[in-house]
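Before any comments, here is the structure.
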Amino acid sequence: MTFNTTDLLNLNNEVFNAYVFWSGILVLKILAMAILTGVQRFRTGTFANPEDCLFKRDNVTYDNPYVERVRRAHLNDLENILPFFIAGFLYVLTDPSAAVAVNLYRAMAAVRIIHTLVYAVVVVPQPARFLSFGVGYLITGYMAFKVVFYV
């Protein structure tokens with residue numbers, strides 16, 4: 001199939017528009033994780049550096065379970081959302097079905113938000129976290145597979 005990338009990488013292209021929008025949502029979500037980590041640090045009085053302590057009761061420690069849970073969720077975002085950005089962008093270039101692509105982008109954003117909620121905000125027993133992680137992983141894998149076999 002011959003196409004012009006200018007046509008695909010244009011906000012008038014529904015697929016590219018959805019990719020840009022949902023990627024922006026996921027960037028905001030990653031940024032929110034840094035704030036959530038700070039909130040947990042202040043809530044528990046647990047800091048990573050002595051100069052960050054505000055009161056004598058504050059601690060320098062690296063093992064507060066509440067802070068570490070948020071940090072692990074943040075790390076999981078970085079491990080999963082960053083590959084999605086690449087696979088999702090390359091997927092746009094395959095000129096996929098708009099309905100499929102838009103729903104994949106929406107689903108990815110939804111499952112990453114759900115993953116944080118069930119892992120770091122309101123801890124929900126498994127398989128909630130596994131399912132939200134797994135769906136996102138499969139979405140990114142599907143898009144990468146489609147890219148590899150498109151060329």
Under a single-linkage definition using a 4.5 Å side-chain heavy-atom cutoff for Ile, Leu, Val, Met, Phe, Trp and Tyr, are Val135 and Val100 assigned to the same hydrophobic cluster? yes
Asn10 (side chain) donor-acceptor with Asn12 (main chain) under 3.5 angstrom: yes
I need the Thr116 OG1 to Arg69 CZ distance, nearest 0.5 Å. 12.0 Å
Ala98 to Glu14 - nearest heavy-atom pair and separation: CB-OE1, 3.5 Å
CD (Gln40) and CZ (Arg71) are apart, to the nearest 0.5 Å, by 12.5 Å
For the residue pair Arg41 and Tyr66, establish whether any side-chain heavy-atom pair is separated by less than 4.5 Å. no
Do any N or O atoms from the side chain of Thr140 and from the backbone of Gly136 form a donor-acceptor pair under 3.5 angstrom? yes
Would you find a donor on one side and an acceptor on the other, under 3.5 Å apart, between the side chain of Asn64 and the backbone of Val67? yes
Quick check: closest heavy atoms across Ala101 and Val15, and the distance to 0.1 Å? CB-CG1, 3.7 Å
In Å, rounded to the nearest 0.5 Å, how long is the span from CD1 of Ile139 to CG of Asn80? 11.0 Å
Between atom CG of Asp77 and atom CG of Leu82, what is the distance when rounded to the nearest 0.5 Å? 9.0 Å
Consider only side-chain heavy atoms of I, L, V, M, F, W and Y, link residues closer than 4.5 Å, and tell whether Ile86 and Ile25 are in one cluster. yes
Which heavy atom in Ala18 sits nearest to a heavy atom in Val102, and how many Å separate them? CB-CG2, 3.7 Å
Side-chain heavy atoms nearer than 4.5 Å, only ILVMFWY residues, links allowed to pass through others: does that put Leu28 and Leu75 together? no
Can you tell me which residue among Tyr19, Phe85, Trp22 is in a ring pair (Phe, Tyr, Trp, His ring centres under 6.0 Å) with Tyr105? Tyr19
Correct closest heavy-atom pair for Ile114 and Ser132 would be CG2-CB, 4.0 Å
Step-by-step ring-ring contact (aromatic ring centres under 6.0 Å, His included) determination, Tyr91 to Tyr150: CA-CA 9 Å; Tyr91 185 61; Tyr150 179 80; 9.5 Å; no
Is Asn17 reaching over with its side chain to a backbone N or O of Leu11, donor-acceptor style, under 3.5 angstrom? yes
For the CD1 atom of Ile113 and the CG atom of Leu26, what is their distance to the nearest 0.5 Å? 6.5 Å
side-chain contact (heavy atoms from CB on, under 4.5 Å) between Thr94 and Met143, worked out: CA-CA 10 Å; Thr94 67; Met143 289 187 301; over 6 Å; no
Can a cation-pi geometry be assigned to Arg72 and Tyr119, taking NZ or CZ under 6.0 Å from the six-membered ring centre and within 45° of the ring axis? no
If you define the side chain from C-beta out and look only at heavy atoms, does anything of Phe16 sit under 4.5 Å from Leu8? no
State yes or no: are the ring centers of Tyr137 and Phe133 separated by less than 6.0 Å? yes
Taking the side chain as everything from C-beta on, heavy atoms only, tell me whether Leu78 gets closer than 4.5 Å to Ile30. yes
Neighbour count >12 (heavy atoms, 6.0 Å) for atom NZ, Lys29: yes
Heavy-atom nearest pair, Pro96 first then Val92, reads CD-O, 3.7 Å
Quick one about Arg112 and Asn76 (side-chain donor to acceptor, distance below 3.5 Å, no hydrogens or angles considered), yes or no? yes
Is any side-chain heavy atom of Leu36 less than 4.5 Å from a side-chain heavy atom of Val121? yes
Verdict with reasoning, Thr46 to Tyr62, per side-chain contact (heavy atoms from CB on, under 4.5 Å): CA-CA 8 Å; Thr46 306; Tyr62 307 104; over 6 Å; no
Look at the side-chain heavy atoms of Ile, Leu, Val, Met, Phe, Trp and Tyr, link any pair under 4.5 Å apart, and say whether Phe145 and Leu104 land in one connected group. no
So, taking the atom named CG in Asn103 and the one named OG in Ser97, what distance separates them when rounded to the nearest 0.5 Å? 9.0 Å
Heavy atoms, side chains only, cut-off 4.5 Å: are Phe47 and Thr61 in contact? no
Side-chain heavy atoms nearer than 4.5 Å, only ILVMFWY residues, links allowed to pass through others: does that put Met108 and Val27 together? yes
Do Leu93 and Val147 have side-chain heavy atoms sitting under 4.5 Å apart? no
